[in-house]
Every structure is written in structure tokens, then in C-alpha cells.
Amino acid sequence: MTAIAPAPAPYSLLCVDSTPEPSPARRGGLSTGGTYAALFLLGVMQALIGCFQFSHVIGAVPVAALAFSVLIFLTCLLGGLGMGSPLGALAPALGWFLASLLLTMPTAAGSVIVTNTTAGKWYLYGGAVGAGLGVVLTFTRPRRAGRWPRRTDTWPR
């Protein structure tokens with residue numbers, strides 16, 4: 001007599017977990033916009049402080065002007081890297097440019113805050129180069145794989 005093998009147990013879909021995996025926490029629109037606004041205000045504050053303190057020198061070297069130029073460069077670069085977007089670098093750069101522009105314009109009485117001295121030139125030109133370099137480096141850095149995916153489909157096929 002031959003033994004008949006028992007039939008396999010029926011597969012039930014009730015035991016399959018159909019709930020999706022929880023997605024990682026994403027930044028909300030309000031907190032992202034607030035961060036960009038904070039970066040913009042940080043650039044404004046750096047310009048406000050820098051325009052009044054740029055003239056400190058050691059010998060003939062405008063140390064404070066150079067330090068403020070490096071500071072705006074680092075702020076733009078780290079803002080862009082931290083936000084993972086070139087807009088993170090552009091926000092403090094725009095804040096710095098606008099505030100510096102307003103503070104370098106002469107008043108009705110003819111007085112100016114940033115004077116036409118070596119330190120003033122190093123502060124304005126060095127800060128502009130630093131902010132621009134921070135923005136450009138953020139634009140040219142390689143993107144992470146999951147952040148901005150590249151399109152793989154091409155049209156027409």
C-alpha cells in the first residue's frame with residue numbers, strides 16, 4: 001500500500017503584514033521655511049556687526065575684515081551643506097549682500113559706515129567673494145543618492 005503525502009497547509013494572506021514601513025521623519029514646510037529665514041537673518045546680522053567692526057587692524061593687516069569675510073564664506077557653505085540645498089547657502093549670502101548694501105550707502109548728511117579704506121575694501125570685496133564662493137561650492141558639490149534622484153527615463157524611447 002502506498003502512503004499518500006498530506007496536502008500542504010493552505011497559505012493565508014491574513015498573516016502577511018500589509019502595513020507600510022513608517023517613513024523617516026521629514027522636515028515640514030514651516031520648519032524648513034523658518035530655517036531659511038533664520039539663515040537669511042544670520043547673514044543680515046553678520047553684515048550689521050561686520051559693517052561696524054571691520055576696521056580693526058593689526059599693523060597694516062585688516063584682521064577683522066578678513067575674519068568677517070571667512071565667516072560669511074563658512075556660513076554660506078555650512079548653510080548649504082546643512083540644508084542639503086543651494087538655497088541654504090544663498091539665504092545668508094542674500095542677507096549679507098542686502099544689509100551690506102544698505103549700510104554702505106551714504107546718508108543725507110553724507111556720512112558713511114563702511115569707509116573707502118583698505119579694511120573697508122577687504123571687508124566688502126572679501127565678503128562678496130566669500131559669499132559667492134560658498135554658494136558656488138554648494139551648487140557644484142555632488143548630490144547624495146537619495147536627495148535629488150536623477151531621471152532615468154528618457155523621451156522619446
Side-chain angles (χ1 to χ4, degrees), residues 18-157:
S18 64
T19 58
E21 292 291 322
S23 61
R26 299 188 70 182
R27 289 184 271 182
L30 184 62
S31 65
T32 303
T35 305
Y36 286 127
L39 285 170
F40 179 81
L41 290 176
L42 180 61
V44 169
M45 290 305 298
Q46 286 180 359
L48 183 65
I49 294 169
C51 282
F52 287 103
Q53 300 297 323
F54 73 93
S55 60
H56 296 286
V57 295
I58 295 178
V61 179
V63 178
L66 294 173
F68 284 117
S69 300
V70 170
L71 183 64
I72 191 63
F73 165 72
L74 290 175
T75 302
C76 292
L77 183 65
L78 294 176
L81 294 176
M83 292 300 292
S85 165
L87 186 58
L90 199 57
L94 285 176
W96 186 87
F97 277 119
L98 291 175
S100 293
L101 178 72
L102 289 175
L103 290 172
T104 56
M105 295 179 115
T107 62
S111 61
V112 292
I113 295 173
V114 179
T115 57
N116 189 16
T117 61
T118 304
K121 291 175 186 176
W122 274 101
Y123 172 71
L124 289 176
Y125 296 135
V129 167
L133 188 61
V135 171
V136 167
L137 286 177
T138 309
F139 269 109
T140 60
R141 76 175 179 83
R143 307 285 181 239
R144 289 180 288 185
R147 194 65 180 165
W148 290 322
R150 299 189 190 280
R151 289 188 63 171
T152 57
D153 61 329
T154 57
W155 188 83
R157 290 188 182 206

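On a predicted model such as this, the values are computed, not experimentally measured, just so you know.
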- Could you tell me the separation between the CD1 atom of I49 and the CG atom of L71, rounded to the nearest 0.5 Å? 9.0 Å

- Query: Which atom pair, heavy atoms only, marks the closest approach of A119 to S55?
  - Reply: CB-CA, 4.1 Å

- Message: I want to check something: taking the side chain as every heavy atom from C-beta on, are L77 and F73 in contact at a cut-off of under 4.5 Å?
- Response: yes

- Query: With a 4.5 Å heavy-atom cut-off, do W96 and C76 have their side chains touching?
  - Reply: no

- Task: Give a yes or no on whether the backbone of P86 and the side-chain of T138 come within a donor-acceptor separation of less than 3.5 Å.
- Result: no

- Query: How long is the gap from CD1 on I113 to CZ on F52, to the nearest 0.5 Å?
  - Reply: 3.5 Å

- Query: Taking the side chain as C-beta and beyond, is there a heavy-atom pair between L124 and V114 under 4.5 Å?
  - Reply: yes

- Item | Candidate pair Y125 and V129, rule side-chain contact (heavy atoms from CB on, under 4.5 Å), full reasoning | CA-CA 6 Å; Y125 296 135; V129 167; 5.5 Å; no

- Check for a donor-acceptor pair, side chain of T104 on one end and backbone N or O of L101 on the other, with a separation under 3.5 Å. yes

- Kindly compute the distance separating CG (L87) from OG1 (T35), expressed to the nearest 0.5 Å. 11.0 Å

- Query: How many angstroms lie between atom CG of L78 and atom CG of L74, to the nearest 0.5 angstrom?
  - Reply: 6.0 Å

- Task: Among V44, V135, T75, find the one that has a side-chain contact (heavy atoms from CB on, under 4.5 Å) with P92.
- Result: T75

- Within-4.5 Å side-chain heavy-atom neighbours: M83 and Y36: yes

- Query: So, do N116 and K121 sit near enough that their side-chain heavy atoms are less than 4.5 Å apart?
  - Reply: yes

- Any side-chain heavy atom of S100 sitting closer than 4.5 Å to one from Y123? yes

- Is any side-chain heavy atom of F54 less than 4.5 Å from a side-chain heavy atom of L66? no

- Task: Measure the CG-CD distance between L41 and Q46 for me, rounded to the nearest 0.5 Å.
- Result: 11.5 Å

